[in-house]
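Beneath this line is the structure, given in C-alpha cells, with notes to follow.
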Amino acid sequence: MRTSRFLLSTLKETPAEASIASHQLMLRAGLIRQLASGLYIWLPTGQRVLQKVQNIIREEMNKSGALEINMPVVQPSELWQESGRWEHYGPELCRFTDRKDNSFVLGPTHEEVVTWLSRYEIKSYKQLPMNLYQIQTKFRDEVRPRFGVMRGREFVMKDAYSFHMNKESLRKTYEVMYDTYCRIFDRLGLTYRPVEADTGSIGGSHSHEFQVLADAGEDIIAFSTESDYAANIEMAEAVAPKESRKAPAKEMTSISTPDAKTIAEVAEFLNTPETSLCKSLVVHGTNQKTGADELVLLVLRGDHELNEVKAEKISGINKPLTMATDEEIRAAFGAGPGSLGPVGFNGRIIVDRTAAVCSDFYCGANKDGFHLGGVNWDRDVPSYEVQDLRCVVEGDPSPDGKGTLVLKHGIEVGQVFELGTKYSQAMNCTVLNEEGKNIPMEMGCYGIGVTRVIAAAIEQNHDDKGIIWPAPMAPFQIAIIPINYNKSDSVKEAADRLYAELTAKGYEVILDDRGERPGVMFADMKLIGVPHSIILGEKSLAEGLAEYEERTSDSKEKLPLAEIVAKIEKALA
RNA sequence: CGGCGAUUAGCGCAGCCCGGUAGCGCAUCUGGUUUGGGACCAGAGGGUCGCAGGUUCGAACCCUGCAUCGCCGACCA
C-alpha cells in the first residue's frame, strides 16, 4: 500500500470526547470515527486490524471443529417471547416493528435464533455434539456507551453455540472452547487471565471470563498470590473468618451522633476504626412462606461493600436487587438510612460472614441521630441469618485456601458458558436419543468481543507516540520511509524496489510516498504502530546503507541495503 | 434513568459576564523556500455560532424549551 493512495486519516490533536488511551489512539491513528453515541465507522487502517483479529479467531474456531454460520441481525420478537427474555431483557434490547406491524428486535446476542435453527436442523443424537459460530454485528442499546469501541452500542462479536446429548459432552466442548480461547488470546499477543465468572442474565451454570489485564478495565478481578485461583469480584467468595466471635465485653449503650450518617462520618465522630462499625442496607425481598413483599436488612462490617450479585442469589431477595427508598425505610424503621441497625428490627436480617464475627460493635439505633455501641449478635439481635454478602478486599484469604487475594482491573474480552437446557427447554429444542426418546439438548455458548479485543490490545500496548501492535494484529508489517522520495532518484528507486520485493514475498508493506518531511512520516508510522520500519536516505544510500527501526523498542540499526530484506525476514519469522 | 457540563470552520479552543463587522492554533488549497524526528514565508478557501421560540432597534452573547455529545453515579451476555 502506498500512503498516497490510502486513507491514513491520522490526527495530531486528541479529540475531546476520548478519555482513555485506546479510544484516543484509535481516533488519532485513524482506525475509527464516531458516527453517533456508541456507533463507529471502521476506517481502512482499523478495518485491516479488525480482519486480522477475525481471521485468527476463525482459524482457531475452525480448528476446534466449530462450523461457521451467519445469522440475521434482525430477529422476530416471537423467539424472545418463547425464551422468556422478551420480559427479562430490559430497554437494552432494541425493539421495533416493520411496515406490516410485525415485531422485531436487533440482536444483542443469538441464543434464540440458533436454538430455533437447531430445533429444525438437529434431529438425531448422531449429529451431536455440534458447535455453530458466527462473527457478527450485535446491537445493545447500552445505558451509557463509553470508552470508544470498548463499550459501544454496536459491536462485532464472535459467538458460538454448542449442542449436546448430555452434560459430559457439554463439559468436553466447554473445555475445548476454553483451550481454543487461550490459543486465540495467546496468538493475539494479549496478557490475559481466564477467571471464574457470574453467568448474569444469559443464564446457565458454569462460566469463565477471559480478562485482559489493564487499568482502564471496568471489571475487577481477584487473584490468589499463591495459586492460579482467579475470579471476577462478583463471584469471588469471601470465606468465613477463621477466628470465632469474641464474647460480649460491653453493655449495649445508646450514643448521640448528630449529623454523622455515613460510615466514615460515624467512625470519625466516635474516633473508632470503620471495622468496629456495622452498616445496614435495606433491600426489597419476598417472604419465603407468605410470598408477600417485605424489606430485608443486610448487615456488613463498616469497611466492606455489598456484593450485589451475591445478594441477588439469596432466595427471598428480589432480583434485580432494589434498594428500599427513604420513605419505605422510614415507615419500617422509624429512622432514615443514616441511622439504621439490626437491633429491634423484627423482619428478616441477613448478616455477612465477617460482620457476624464482630462483637461489641457500633450500629445505627433506628432513631435519627443515634447509634448503639457495645452491640452483640445473639444477645442483642436474637434472630438472623449468616451469608456471604460482601465484595472481597485485598488481603482476604483465597477461597481455595492457598495464599491471599489481590485485585486488578480487567477488560472482559471473552466468556464461555455452560447454558444447560435453559433455552432448549423453553424453546422445545429436542433431539431423539438412543432410546428414541425426545430430550432437550444441553447447550453451551462462547463469546469473544472482537472489536473490544482491539481496544484492549491498545490499552496494553502503547506509548506516548502511539500504538505498539502485537505483531499479528498490526495493520501493516513493514513501513518504508523514504526521505525525499519526490526529489531523490536514488531514494525513489530503492524504495520502489524494496516495496516490490517485500510485497512479492507476501508481506504487508506501507510505502510512504507522500514526500512529506521525515518527522511527519516517522510520527505517522509510529502512531499507527507499524512494527518494522525501513528508512531510506540519500546520504546513507550513497554508502549502500539503509536503516532498520523496530517499534517495540524504537531501536535503530544501520545496515547494508542488500541485507535489509534478510533482516526483515528474520524479524518477522 | 438521576446529577453535572458542553455544543462557535474538518480538529482543538477563545469570544458570552458587560448585546452592535465571528476570531486564534492545527488541518486543507496555491506559490516559494526547505527535507533525518509532527518546518518556514506569502496568500486563499472554509461558519444558517446545535435546533426552535422569546426579549430587543439589534442576539454567538440575555431568557425558555428541545436535541445531541460527554463526565460521575445507577445499569451491563
Side-chain angles (χ1 to χ4, degrees), chain A residues 8-20 23-24 27-28 30 33-39 83 85 88-93 107-112 138-148 150-153 155 157-161 197-204 207 209-210 218-219 232 234 308-309 312 320-323 412-417 419 422-423 444-449 452 464-466 481-488 491 512 514-527 533 535-541 545-547 549 554 556 558:
Chain A
L8 213 46
S9 289
T10 53
L11 303 174
K12 215 188 274 192
E13 287 178 283
T14 303
E17 76 256 20
S19 55
I20 62 169
H23 189 193
Q24 293 174 348
L27 291 164
R28 285 227 292 133
R33 288 291 179 262
Q34 178 167 345
L35 178 64
S37 181
L39 303 177
S83 73
R85 286 206 287 186
H88 291 124
Y89 226 104
E92 199 178 308
L93 180 63
T109 173
H110 280 75
E111 280 82 10
E112 280 79 3
K138 310 284 186 200
F139 185 87
R140 291 180 194 172
D141 198 355
E142 290 281 349
V143 191
R144 181 142 97 88
R146 63 189 134 169
F147 302 146
M150 193 89 88
R151 181 168 296 281
R153 291 195 290 177
F155 56 98
M157 178 165 156
K158 188 286 302 174
D159 48 329
Y161 307 88
D198 180 48
T199 49
S201 75
I202 206 165
S207 177
E209 285 166 353
F210 288 77
E218 297 179 272
D219 290 351
N232 192 304
E234 293 174 342
E308 299 193 7
V309 172
E312 279 178 354
L321 192 75
T322 39
M323 294 289 179
E412 183 198 338
V413 291
Q415 188 162 14
V416 292
F417 288 91
L419 285 176
K422 177 179 160 135
Y423 294 93
C445 85
Y446 320 92
I448 291 179
R452 187 183 277 183
D464 57 340
K465 298 187 188 74
I481 301 174
I483 294 161
N484 262 330
Y485 183 86
N486 290 350
K487 300 274 170 66
S488 163
V491 167
D512 202 337
R514 294 175 294 178
E516 281 285 356
R517 296 174 62 82
V520 174
M521 295 190 285
F522 291 137
D524 272 344
M525 292 304 131
K526 281 205 199 306
L527 178 57
S533 294
I535 302 148
L536 301 171
E538 196 159 33
K539 280 182 206 150
S540 298
L541 279 177
L545 295 175
E547 197 166 359
E549 184 169 2
D554 284 348
K556 285 189 290 191
K558 275 200 176 174

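Protein chains get the first letters and strands the later ones, always in sequence-line order, with residue 1 at the start of each.
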Inset, instruction - Identify which nucleotide among C69(B), A39(B), G36(B) has an atom closest to any side-chain atom of Ala36(A), counting heavy atoms from C-beta outward. - result: C69(B)
Inset, instruction - Using atom CD of Glu312(A) as one end and atom C1' of C76(B) as the other, report the distance to the nearest whole Å. - result: 12 Å
Legend entry - Rounded interatomic separation in angstrom, taking CD1 from Ile483(A) and C1' from G36(B): 4 Å
Inset, instruction - Flag the pair Tyr161(A) / Thr109(A) as yes when at least one side-chain heavy-atom distance between them is below 4.5 Å, and no otherwise. - result: yes
Legend entry - Integer-rounded Å distance: C11(B) C1' and Gln24(A) CD: 14 Å
Inset, instruction - In whole angstrom, give the distance that lies between atom CG of Leu321(A) and atom C1' of G73(B). - result: 16 Å
Inset, instruction - Under 4.0 Å between any heavy atoms, over every strand shown, what does Leu527(A) touch: base, sugar-phosphate, or nothing? Just pick one. - result: base
Legend entry - Separation between CD of Glu547(A) and CD1 of Ile481(A), rounded to the nearest 0.5 Å: 9.5 Å
Inset, instruction - Round to the nearest Å and state the distance from Asp512(A) atom CG to G38(B) atom P. - result: 15 Å
Inset, instruction - Using atom CZ of Arg517(A) as one end and atom C1' of G36(B) as the other, report the distance to the nearest whole Å. - result: 10 Å
Inset, instruction - To the nearest 0.5 Å, tell me how far Thr10(A) OG1 sits from Leu527(A) CG. - result: 6.0 Å
Legend entry - Nucleotide nearest Glu13(A) (side chain, heavy atoms from C-beta), chosen from G38(B), C69(B), C11(B): C11(B)
Legend entry - Donor-acceptor contact below 3.5 Å, side chain Arg146(A) vs main chain Arg151(A): no
Legend entry - Integer angstrom distance from the C1' of A6(B) to that of C16(B): 14 Å
Inset, instruction - Using a heavy-atom cut-off of under 4.0 Å over every strand shown, decide if Arg28(A) touches base, sugar-phosphate, or nothing. - result: base
Inset, instruction - For Gly38(A) and Pro145(A), work out which heavy atoms get closest and say how close. - result: CA-CB, 3.8 Å
Inset, instruction - Identify, between Ile535(A) and Arg151(A), the residue whose nearest nucleotide on RNA chain B lies closer to the 5' end. - result: Ile535(A)
Please produce a list of atom pairs where a protein N or O lies less than 3.5 Å from an N or O of nucleotides 27-33 of chain B.
| residue | atom | partner | partner atom | Å |
| --- | --- | --- | --- | --- |
| A27(B) | OP1 | Lys12(A) | NZ | 3.4 |

Inset, instruction - Determine the contact category for Met521(A): base if any of its heavy atoms lies under 4.0 Å from a base atom, sugar-phosphate if only primed atoms, P, OP1 or OP2 are that close, otherwise nothing. - result: nothing
Inset, instruction - Once you apply the 3.5 Å cut-off to both distances, tell me the Watson-Crick or G-U wobble partner of C16(B), or none. - result: none
Legend entry - Rounded C1' spacing from G12(B) to C76(B) in Å: 33 Å
Legend entry - Nucleotide nearest Pro15(A) (side chain, heavy atoms from C-beta), chosen from G12(B), C71(B), G70(B): G12(B)
Legend entry - For C61(B), the Watson-Crick or wobble counterpart (both distances under 3.5 Å): none
Legend entry - Over all atoms of both residues, closest heavy-atom pair of Leu419(A) and Cys445(A): CD1-CB, 3.9 Å
Inset, instruction - Using a 4.0 Å heavy-atom cut-off across all strands, classify Asp524(A) as base, sugar-phosphate, or nothing. - result: base
Inset, instruction - Check every strand shown and say whether Lys539(A) touches a base, only sugar-phosphate, or nothing at a heavy-atom separation below 4.0 Å. - result: nothing
Inset, instruction - Can you tell me the pairing partner of A42(B) across any strand shown, Watson-Crick or G-U wobble, with both distances under 3.5 angstrom? - result: U30(B)
Inset, instruction - Provide the closest heavy-atom pair for Gln24(A) versus Ala18(A) in the form atom of the first, atom of the second, distance. - result: NE2-O, 3.2 Å
Legend entry - Complementary nucleotide of U7(B), counting Watson-Crick and G-U pairs under 3.5 Å: A67(B)
Legend entry - Side chain to side chain, Glu412(A) and Arg452(A), heavy atoms closer than 4.5 Å: yes
Legend entry - Partner nucleotide of C76(B) by Watson-Crick or wobble geometry (both distances under 3.5 Å): none
Legend entry - Minimum-distance nucleotide (side-chain atoms of Glu549(A) versus C76(B), G37(B), U34(B)): G37(B)
Legend entry - Glu111(A)/Lys422(A) salt bridge by N-O under 4.0 Å criterion: no
Legend entry - Integer angstrom distance from the C1' of U8(B) to that of G25(B): 15 Å
What does the list of N/O pairs under 3.5 Å between the protein and nucleotides 1-9 of chain B look like, with a distance for each?
none

Inset, instruction - Assign Lys138(A) to base, sugar-phosphate, or nothing according to its heavy-atom contacts below 4.0 angstrom with the strands shown. - result: nothing
Legend entry - Residue pair Arg33(A) / Ser9(A): nearest heavy atoms and the distance that separates them: NH2-O, 2.8 Å
Inset, instruction - Rounded to whole angstrom, note down the C1' distance from U68(B) over to G50(B). - result: 7 Å
Inset, instruction - Would you please confirm or rule out a distance under 4.0 Å between OP1 or OP2 of G70(B) and any side-chain N or O of Ser37(A)? - result: yes
Inset, instruction - Under 4.0 Å between any heavy atoms, over every strand shown, what does Glu308(A) touch: base, sugar-phosphate, or nothing? Just pick one. - result: sugar-phosphate
Inset, instruction - Would you mind reading off the distance between Ile20(A) atom CD1 and C71(B) atom C1', rounded to a whole angstrom? - result: 14 Å
Legend entry - Between CZ on residue Arg85(A) and CD on residue Glu112(A), distance to nearest 0.5 Å: 4.0 Å
Inset, instruction - Taking all non-hydrogen atoms of both residues into account, name the closest pair between Glu13(A) and Arg28(A) and its distance. - result: O-CD, 3.6 Å
Legend entry - CE-NE2 distance between Met150(A) and His23(A), expressed to the nearest 0.5 angstrom: 10.0 Å
Inset, instruction - Classify the nucleic acid contact of Gln34(A) as base, sugar-phosphate or nothing, counting any heavy atom under 4.0 Å across all strands shown. - result: sugar-phosphate
Legend entry - Which atom of Phe417(A) lies closest to which atom of Tyr446(A), heavy atoms considered: O-CE2, 4.0 Å
Legend entry - Most 5' of Ala16(A) and Asn484(A) on RNA chain B, judged by nearest nucleotide: Ala16(A)
Inset, instruction - Look at the side chain of Arg146(A) against the base of C71(B) and say whether a donor-acceptor pair falls under 3.5 Å; ignore hydrogens and angles. - result: no
Inset, instruction - Please give the nucleotide sitting opposite G47(B) as a Watson-Crick or G-U wobble pair, both distances under 3.5 Å, or none. - result: none
Inset, instruction - Have a look at Phe155(A) and say if it touches a base, only the backbone sugar-phosphate, or nothing, with a 4.0 Å heavy-atom cut-off. - result: base
Inset, instruction - To the nearest Å, give me how far apart CG (Asn486(A)) and P (U34(B)) are. - result: 15 Å
Inset, instruction - Could you give the distance separating C51(B) and U7(B) at their C1' atoms, to the nearest angstrom? - result: 11 Å
Inset, instruction - Could you tell me which nucleotide pairs with G36(B) by Watson-Crick or G-U wobble geometry, both distances under 3.5 Å, or answer none if nothing does? - result: none
Legend entry - Watson-Crick or G-U counterpart of U21(B), or none if no pair lies under 3.5 Å: none
Inset, instruction - Pick the P atom in A9(B) and in C49(B), then give their distance to the nearest Å. - result: 10 Å
Inset, instruction - Give Lys556(A) one of three labels, base, sugar-phosphate or nothing, depending on what nucleic acid heavy atoms sit under 4.0 Å from its own. - result: base
Legend entry - C11(B) to G38(B) separation - C1' atoms, rounded to the nearest Å: 15 Å
Inset, instruction - Pick the P atom in U55(B) and in C63(B), then give their distance to the nearest Å. - result: 15 Å
Inset, instruction - Report yes if at least one side-chain N or O of Thr14(A) is closer than 4.0 Å to OP1 or OP2 of G12(B); otherwise report no. - result: no
